[in-house]
Amino acid sequence: MPDIDIPARPTPASPARILARGVRGLMMPHRIAMALVALAGLVAMVLMMDWSWLPAYLPRLWAGLGMTLAMLGASVVFGFLIALPLGVAQVIGPRPLRWLALGFCTVIRGTPLLLQLWLIYFGLGSLFAQFPELRETWLWPYLRQAWPYGLFALTISFAAYQGEVMRGAFAGVPYGELEAARAFGMSRGKVFRRVWFPRALYRALPTLSGEIILQLKSTPLLATITVTDLYAVITRVRQATFLTYEPLLFLVAVYLCLSAVLIGVLRWMETRVPQHG
Amino acid sequence: MIKTLALSLTAAAALAGPAMAQTYNVGISAEPYPPFYAPDASGAWSGWEIDFMNAVCDRIGAECVVTPVAWEGIIPALNTGKIDMIIGSMGITPERAEQIAFSDKYYDTPTGVVALASTDVQPTPEGVTGAYLGAQSGSIQENYVAQYFAETAADVRIYQTLDEELQDLAAGRIDAVVGDTLAMQPFIDSEAGQACCEYRGAVENDPDVLGRGVGIGLRKDDTELLETVNAAIAEIRSDGTYEEISAPYFGDLDIYGE
């Protein structure tokens, strides 16, 4: 038998070890050179550009960042919860349910998010407004705001993309494992909880982090329906100060930092999920 | 070969330059602002301000090209040379005058409040207490709302276009819109506007925020152009062209202000 190189099973790494590995990786000569160039660019930016607007706008920028993160977090959580049944329905659902789930994913994934956002805010939103009875209820203070529509649009978008990923992940779990679990006498629910779902989740995790980063970059669209997220605040800064590059570069830096933090956290989470469970 | 040809053509164009009409890129907001400027189905821009621009360009003997620019970037676009003039209903405010030069004003209309008929919103800081207000992003009205109404209003929603604001007003999702009276006039007169809303009057003027009328925006170092443009505006005012341009849009109403 030929000697096969079996890759060692990666052990769940502690954050400290991941950090140490990252620091080692950064010590390569070409990376140091690149970091120096980036640093020089940063210093030049700070010294030569006009940042005097920053302190005055800081409270509003924080509020905008909070809105961006709240929209991202809530839409990812709700979207993921919807994505699970979407994925399962497409794999083992009865035919009508399967078609329904497939149709939902296809329509949402096949149309621009901006279009959905506008249809929901200006379409659905003004439809609600036509029922005077609705204005008397406790719902109206929410329905007249813009963020619930934004959150809804972001959520169904995330659900559709992630639903497709979960479909693949559920379908990809080897049938033998499920059969074995059944042979152990586990109920269908227990098989789902203990075998099918964890195995599918692990398969889906790398794409999940990609989807979350994409979702972060979709949030500025909310500014077009009057939600005051980070991007909307920066637009306000641009109008008030007549500056172009400084506010936009600031925005680039913030989104890059957010992405980096998200990638780090999700990578760490990936190492925590048991693979052979 | 092609390169040489292109070079000689450029040289010829440069030589012929002074003899040919100067071409100016005239910036307007990419967001439609009827009746002052709006694109038709084919994308050609028309409106009162486009007619006014043509009258000005005729008089200064220049070829003018309408160049839509995103409103929030229109002053940087002027200062970096992407456009040469702004003829886009830009109010002359002290803040803007620090960045660019303005011609004499060519129209001046009050800022007013259109509110849902079912509310008792009035155009005063006390009058908007607890109300949801709408204003257009980057407009003098947005600044006015931020300075005078933001404290008492329940919320201020910022829209990209006046159309979207008025749509949300008609839907009842905001209580009032603070905008240019003239720009809101078509909505107030429309069936949808009559059904839902009322004009509640002009806000108290503050020239430091609302500006001193609308002028043509120019780069500060284009002093020669500023002079010719001012002369052209004076001519348009005095020789009856102004009324001629205005009649199809506003009838007898004089939008020049006092």
Side-chain angles (χ1 to χ4, degrees), chain A residues 49-50 53 56-57 60 63-64 67 114 117-118 120-136 139-150 220-229 231-248 251, chain B residues 29 31 69-80 82 86 90 93 95-100 116 118-119 130-143 146-147 150 154-161 163-175 192 195-196 209 217:
Chain A
M49 293 182 129
D50 181 5
W53 50 273
Y57 279 94
R60 268 185 273 183
M67 178 57 98
L114 183 63
L117 198 62
W118 279 48
I120 289 168
Y121 180 71
F122 287 110
L124 199 64
S126 48
L127 203 69
F128 284 145
Q130 280 168 10
F131 298 100
E133 310 87 60
L134 212 55
R135 288 166 196 247
E136 310 303 322
L139 267 171
W140 182 243
Y142 296 99
L143 288 178
R144 73 185 299 171
Q145 303 274 350
W147 66 263
Y149 301 94
L221 291 178
L222 297 184
T224 64
I225 59 162
T226 78
V227 176
T228 312
D229 71 335
Y231 175 78
V233 178
I234 288 293
T235 310
R236 223 58 54 75
V237 173
R238 285 181 60 200
Q239 284 161 353
T241 60
F242 309 110
L243 295 169
T244 303
Y245 297 111
E246 289 88 346
L248 289 181
L251 200 58
Chain B
S29 163
E31 293 85 29
V69 181
W71 186 246
E72 55 258 34
I74 201 163
I75 285 180
L78 177 68
N79 282 333
T80 55
K82 255 183 248 167
I86 300 171
M90 182 173 268
T93 64
E95 261 190 326
R96 286 171 178 156
E98 276 175 26
Q99 304 283 323
I100 58 174
L116 289 177
S118 55
T119 64
Y132 286 76
L133 299 181
Q136 194 185 346
S137 183
S139 66
I140 50 175
Q141 287 86 16
E142 185 199 343
N143 296 337
Q147 187 157 340
D155 192 19
V156 178
R157 303 254 288 269
I158 304 302
Y159 292 84
Q160 299 294 315
T161 70
D163 269 352
E164 289 164 30
E165 279 178 76
L166 295 171
Q167 208 174 325
D168 260 13
L169 178 69
R173 285 200 283 188
I174 49 178
D175 297 317
C196 71
V209 181

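The structure displayed is predicted, hence computed values, not measured ones. Basis for what follows: all heavy atoms, side chains included, without hydrogens, waters or symmetry-related copies. The sequence lines fix the lettering, A, B, ..., with proteins before strands; numbering per chain opens at 1.
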Report task. Against chain B, work out which of A:A232, A:G125, A:A223, A:A146 has the most heavy-atom pairs shorter than 4.5 Å and name it. Result -> A:G125

Report task. With the side chain counted from C-beta on, respond yes when A:I234 and B:E72 share a heavy-atom pair under 4.5 Å apart, and no when they do not. Result -> no

Report summary line: Under 4.5 Å to a heavy atom of chain A? For B:I158 that would be both

**Report entry** Passing candidate, side-chain contact (heavy atoms from CB on, under 4.5 Å) with B:Y159, options A:I225, A:T224, A:T226
**Finding:** A:T226

Requested in this report: Name the region of B:E95, side chain, backbone, both or neither, that has any atom closer than 4.5 Å to a heavy atom of chain A.
Outcome: both

Query raised in the report: Are there more than 12 heavy atoms of other residues, nucleotides or ligands under 6.0 Å from atom OH of A:Y231?
Result: no

Query - Region of B:D155 in contact with chain A, defined by heavy-atom distances below 4.5 Å - result: side chain

Query - Spacing of B:N79 atom CG and A:F242 atom CZ [to the nearest 0.5 Å] - result: 10.0 Å

Query - Cationic tip of B:R157 above A:Y121 ring, under 6.0 Å, 45° of axis - result: no

Report task. Below 4.5 Å from any heavy atom of chain B, which atoms of A:F122 appear? Answer side chain, backbone, both or neither. Result -> both

Query - Non-hydrogen atoms of A:W140 and B:G172 that approach each other most closely - result: CZ2-O, 3.4 Å

Query raised in the report: So which part of B:D168 gets closer than 4.5 Å to some heavy atom of chain A, the side chain, the backbone, both or neither?
Result: side chain

Query raised in the report: Does any heavy atom of chain A fall under 4.5 Å from the side chain of B:E98, the backbone, both, or neither of them?
Result: neither

Requested in this report: Verify, without hydrogens or angle tests, whether A:R144 (side chain) and B:R173 (backbone) share a donor-acceptor contact under 3.5 angstrom.
Outcome: yes

Query - Interatomic distance, B:W71 atom CH2 to A:Q239 atom CD [nearest 0.5 angstrom] - result: 10.0 Å

Report summary line: Bottom line for B:I74: the part with an atom under 4.5 Å from chain A's heavy atoms is neither

Query - Top of B:G134, B:S137, B:A77 for chain A proximity - count of heavy-atom pairs under 4.5 angstrom - result: B:S137

Query - Atom group of A:A240 that falls short of 4.5 Å from chain B, counting heavy atoms - result: backbone

Query raised in the report: Tell me, do A:S126 and B:Q167 make a side-chain contact under 4.5 Å, heavy atoms counted?
Result: no

